[in-house]
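Encoded as structure tokens, the structure appears first; notes follow it.
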Amino acid sequence: MLSVPGKRRVGNAVIESELLCWLRSTFSGEALSSLALVAGDASPRRYYRLALGTDGTRRSIIAAISPPTEKNLEFIAVRQLLAEAGVRVPDLYAFDLDRGFLALEDLGDATLLPRLNDDSVDRFYGAALDHLLGLSHIKIANSGLPHYSRELLQGELNVFMDWFVIGLLAVNPTHNAQQTAQMRSKFAGLSDVLISSALSQPQVLVHRDFHSRNLMVLTQEQLAVIDFQDAVIGPITYDPVSLLKDCYIAWPRAQQLAWLSQYRQRLLKAELIAPVTAEAFIRWFDLMGLQRHIKVLGVFARLNLRDNKPAYLADLPLVLHYIREALALYRNDIKEITEFESWFEEALMPPIIRQAWFHPPV
């Protein structure tokens, strides 16, 4: 899609000094405060807050050091697509792709997650679904975005086997060819079901990580969307399931389905999808969630094992709950899910419950 400049290997202090020099040059004539590191995310990106201007005209911006591995060109392109569709995203003031420097609007520190409770969630999720409707309106034909292909979906599922099953749980029956063949066969059968369901859905612009930690609460409780550089053209239920079956906060299934029903009705009214029954839409939603959450088990395990970020292990019990719930819902209807669930419960749950991070759902 887009070319990426070569990787640079320089110490943080040197790069921070270069960033400050670049900012002084970019915003020449305005006084700059020193860089203050702010909380980052699961990526190698580093974010800094600084003030520009004098006391009378002072404003805060966010400066980012984003390595070439972090899809900087994609970030700029997708940000433009979303902004043109009326989705609230951070303004982009300046960038230097060769060095991975970006100067962005400061949206503050208030993510949606800590603001969610029984009294606020309907209001906030309504606003979030407004943004998803905006994403679904974007014309994808000439967007330049990659497709959520069979290969990409399968690659995500493989992260589960490589990093969660073999890496974190150390379940790798290589000494027993029959057990290995059964494990691979059941995983392949489930993968085919989930991928086929995803590819059969209407295709729209998909944020790909649309949840409460990637939504910022602004003044007057307006929501802004961040972390959209991985956007693709993909299944219409992917972003709704990321939001409604959030890996960091849980809501009763009846509530999830009520929000989903409202969203389906809005899609139909806007003629963004062909007529589809509620049952079929829920099935898309649940199987899409199963694909996403199986992938997330692998991603969170990889963040722990490879990137030394063990905090994500605390979120694994909720992700496991979503997976086991979806498997139970469809085990009587889909043979491949029946077989996978049996293997999951017999081969994986015993080592899972021995993990220090595991606890039953509350």
Side-chain angles (χ1 to χ4, degrees), residues 125 128-129 131-133 135-136 140 145-160 164 187-212 214 228 230-251 253 255-268 272-274 276-300 318-331 333-334 336-337 340-341 344:
Y125 274 23
L129 292 172
H131 280 321
L132 287 189
L133 205 64
L135 265 65
S136 298
I140 59 176
L145 294 173
H147 285 264
Y148 227 149
S149 63
R150 177 173 290 275
E151 292 73 23
L152 180 54
L153 289 161
Q154 185 64 66
E156 290 184 341
L157 287 165
N158 291 344
V159 174
F160 157 78
F164 182 75
F187 179 64
L190 177 76
S191 296
D192 187 62
V193 167
L194 299 182
I195 293 170
S196 296
S197 175
L199 295 178
S200 72
Q201 298 181 34
Q203 304 291 291
V204 296
L205 189 150
V206 172
H207 177 288
R208 217 167 152 202
D209 214 11
F210 195 90
H211 56 70
S212 59
N214 283 334
F228 39 72
D230 290 323
V232 293
I233 298 168
I236 200 161
T237 63
Y238 193 95
D239 284 340
V241 86
S242 301
L243 177 71
L244 304 182
K245 293 188 182 185
D246 193 320
C247 295
Y248 308 109
I249 188 168
W251 305 101
R253 178 165 173 82
Q255 204 167 1
Q256 296 171 15
L257 296 184
W259 290 319
L260 185 69
S261 176
Q262 294 166 14
Y263 188 60
R264 181 183 71 92
Q265 292 296 336
R266 295 182 69 184
L267 290 170
L268 290 169
L272 290 171
I273 58 172
V276 57
T277 65
E279 292 76 13
F281 202 73
I282 291 169
R283 184 185 177 98
W284 284 346
F285 172 80
D286 285 329
L287 296 184
M288 194 74 260
L290 189 52
Q291 188 275 346
R292 173 173 169 78
H293 292 122
I294 285 175
K295 173 194 78 170
V296 167
L297 286 184
V299 171
F300 286 1
L318 176 56
V319 179
L320 282 165
H321 164 71
Y322 288 137
I323 289 170
R324 299 175 80 190
E325 178 186 58
L327 292 173
L329 283 168
Y330 293 91
R331 65 185 170 204
D333 299 331
I334 302 173
E336 291 83 357
I337 286 182
F340 181 83
E341 184 197 34
F344 192 96

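Each residue takes its place number in the sequence, starting with 1. The analysis underlying the following values was restricted to heavy atoms, covering all of them including side chains, and did not include hydrogens, waters or symmetry mates. This is a predicted model, so every value here is computed, not measured.
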Say you draw a straight line from OG of Ser191 to CZ of Arg150; how long is it, rounded to the nearest 0.5 Å?
10.0 Å
Please report the interatomic distance CD1(Ile323) to CG(Leu297), rounded to the nearest 0.5 Å.
3.5 Å
In Tyr263, Trp259, Phe210, the residue satisfying side-chain contact (heavy atoms from CB on, under 4.5 Å) with Leu243 is Phe210
I need the minimum non-hydrogen distance between Phe281 and Ile273, along with the two atoms involved.
CE1-CD1, 4.3 Å
Could you grab the distance from atom CG of Asn214 to atom CG of Asp209, nearest 0.5 Å is fine?
5.0 Å
Walk me through whether Ile337 and Leu287 qualify under side chain to side chain contact (heavy atoms under 4.5 Å, CB included).
CA-CA 10 Å; Ile337 286 182; Leu287 296 184; 3.8 Å; yes
For the pair Glu341 (side chain) and Arg331 (backbone), establish whether a donor and an acceptor sit closer than 3.5 Å, ignoring hydrogens and angles.
no
State, yes or no, whether a side-chain contact exists between Thr237 and Gln201 at a heavy-atom distance under 4.5 Å.
yes
Among Phe285, Tyr322, Trp284, which one satisfies side-chain contact (heavy atoms from CB on, under 4.5 Å) with Val241?
Phe285
Short question: side chain of Gln291, backbone of Ile195 - any donor-acceptor pair under 3.5 Å?
no
First locate atom CG of Asp246, then atom NE2 of His211, and finally report the distance between them rounded to the nearest 0.5 Å.
6.5 Å
Please state whether the rings of Phe160 and Phe344 are parallel, tilted or perpendicular, taking 30° and 60° as the class boundaries.
parallel
Just do the side chain to side chain contact (heavy atoms under 4.5 Å, CB included) check on Leu329 and Arg253 with the steps written out, would you?
CA-CA 12 Å; Leu329 283 168; Arg253 178 165 173 82; 3.5 Å; yes
Can you tell me how far CG of Asp286 sits from CE of Met288, rounded to the nearest 0.5 angstrom?
11.5 Å
Test side chain to side chain contact (heavy atoms under 4.5 Å, CB included) applied to Ile282 and Leu257, step by step:
CA-CA 8 Å; Ile282 291 169; Leu257 296 184; 4.1 Å; yes
Residue of the set Val206, Leu205, Leu272, Asp239 for which side-chain contact (heavy atoms from CB on, under 4.5 Å) holds with Ser136
Leu272
So which heavy atom on Phe340 is nearest to which on Leu327, and how close?
CD2-CD2, 3.9 Å
When you measure from the side chain of His293 to the backbone N and O of Lys245, does any donor-acceptor pair fall under 3.5 Å?
yes
Closest heavy-atom pair, Cys247 versus Val296, reported as atoms and distance to 0.1 Å, is SG-CG1, 4.0 Å
Can you name the nearest heavy-atom pair linking Ala198 to Gln203, along with the distance?
O-NE2, 3.4 Å
Rounded to the nearest 0.5 Å, the OH atom of Tyr125 sits from the CD atom of Gln256 at a distance of 9.0 Å
Polar contact flag, side-chain donor to acceptor under 3.5 angstrom, Arg208-Tyr238:
no
In the structure I gave you, are the side-chain heavy atoms of Leu267 and Val276 within less than 4.5 Å of one another anywhere?
no
Closest approach of Leu318 to Ala250 (non-hydrogen atoms, all atoms of both residues):
CD1-CB, 3.6 Å
Decide whether Ser197 and Arg283 meet the rule of one side-chain donor and one side-chain acceptor closer than 3.5 Å.
no
Closest contact, heavy atoms only, Leu199 versus Leu153:
CD2-CD1, 4.1 Å
